[in-house]
Amino acid sequence: PLEGVAWTPRPPQGPPQGCFACIAKPPALRQASPILSPSSAVYLMESKSCKGDSLRPAVPCKHSVEKKTMTNPTTVIEIYPDTTEVNDYYLWSIFNFVYLNFCCLGFIALAYSLKVRDKKLLNDLNGAVEDAKTARLFNITSSALATFCIILIFIFLRYPLTDY
């Protein structure tokens, strides 16, 4: 029935057209088109613009049609890094600011503790960790120097310099 029909090679095609759901199916599971008459098969073989099989007409992807006509409701859940494990040393900084504010180191520690809280709200985990280390350093320094001064004061009150 197809005598005298010349087969013309198709140009090499790029990646398959259609959505991933249609392309990923094996050929046996894809929806088959109805069988064509010989005259329409000849037309499809000679047509250069046919993107489908040479014996089947190009069937538009049902998923792309659904995307154009319907809106699919989706739920987006944003997952941020867990910032609750970054310690801000806020209470220690307040204690150092109120009671052991040696050379304003307690105030500086409090300022860095507040910066840690702000960066945790902005989900800047790296900045929060760096500022938490700085707040801890100022808290340790303020506590150590203030404790050392308090101990020196008690020693000089117990043993005044006139005894030496």
Side-chain angles (χ1 to χ4, degrees), residues 10-33 48-54 56-164:
R10 280 193 269 178
Q13 295 179 349
Q17 301 294 326
C19 70
F20 182 75
C22 293
I23 295 171
K25 290 181 183 175
L29 296 178
R30 290 187 192 149
Q31 184 179 6
S33 310
K48 300 280 185 184
S49 65
C50 178
K51 292 182 181 176
D53 193 10
S54 61
R56 295 181 184 151
V59 178
C61 173
K62 68 176 183 172
H63 298 96
S64 62
V65 173
E66 287 175 2
K67 287 178 187 173
K68 291 177 186 174
T69 58
M70 298 184 348
T71 58
N72 295 331
T74 57
T75 302
V76 177
I77 300 173
E78 296 180 4
I79 300 174
Y80 294 108
D82 188 20
T83 58
T84 57
E85 59 192 38
V86 179
N87 195 355
D88 57 2
Y89 305 106
Y90 185 67
L91 293 176
W92 189 14
S93 298
I94 289 178
F95 179 79
N96 281 338
F97 177 64
V98 173
Y99 296 110
L100 306 175
N101 197 9
F102 183 82
C103 294
C104 294
L105 291 177
F107 176 71
I108 297 171
L110 181 62
Y112 274 103
S113 295
L114 293 173
K115 282 176 68 175
V116 170
R117 286 194 168 194
D118 291 341
K119 289 185 179 183
K120 281 168 62 173
L121 286 175
L122 295 174
N123 291 320
D124 181 14
L125 190 61
N126 293 332
V129 168
E130 291 299 317
D131 287 341
K133 287 179 183 177
T134 307
R136 185 182 66 204
L137 175 72
F138 279 111
N139 278 323
I140 290 171
T141 306
S142 177
S143 297
L145 290 176
T147 305
F148 180 70
C149 288
I150 290 172
I151 290 173
L152 281 179
I153 289 172
F154 280 129
I155 288 175
F156 283 121
L157 288 176
R158 175 82 173 139
Y159 304 105
L161 287 176
T162 56
D163 290 344
Y164 293 109

For this session: Look at the rings of Tyr112 and Phe138 and say which category their plane angle falls in: under 30° parallel, 30 to 60° tilted, over 60° perpendicular.
Result: parallel
Exercise. Does the side chain of Leu121 come within less than 4.5 Å of Arg117's, by heavy atoms?
Worked result: no
Problem set entry | Within-4.5 Å side-chain heavy-atom neighbours: Asn96 and Leu105 | no
For this session: Decide yes or no on side-chain contact (heavy atoms from CB on, under 4.5 Å) for Lys133 and Val129, but give the supporting numbers first.
Result: CA-CA 6 Å; Lys133 287 179 183 177; Val129 168; 4.0 Å; yes
Exercise. Got Val116 and Lys120 here, is their nearest side-chain heavy-atom distance under 4.5 Å?
Worked result: yes
Exercise. Is it true that a side-chain atom of Ser142 and a backbone atom of Leu100 form a donor plus acceptor pair closer than 3.5 Å?
Worked result: yes
For this session: Please report the shortest heavy-atom distance between Ala109 and Ser93, naming the atom on each side.
Result: O-OG, 3.4 Å
Problem set entry | Parallel, tilted or perpendicular, as decided by the 30° and 60° cut-offs, for the rings of Tyr89 and Trp92 | perpendicular
Exercise. What distance separates Leu145 CG from Asn101 CG, expressed to the nearest 0.5 Å?
Worked result: 11.5 Å
Problem set entry | Minimal non-hydrogen separation, Ala128 against Val86, with atom names | O-CG1, 3.9 Å
For this session: Could you grab the distance from atom CG of Asp118 to atom CG of Leu114, nearest 0.5 Å is fine?
Result: 7.0 Å
Exercise. Are the side chain of Asp124 and the backbone of Lys119 linked by a donor-acceptor contact shorter than 3.5 Å?
Worked result: no
Problem set entry | Inter-residue atom distance Phe107.CZ - Leu110.CG, 0.5 Å rounding | 7.0 Å
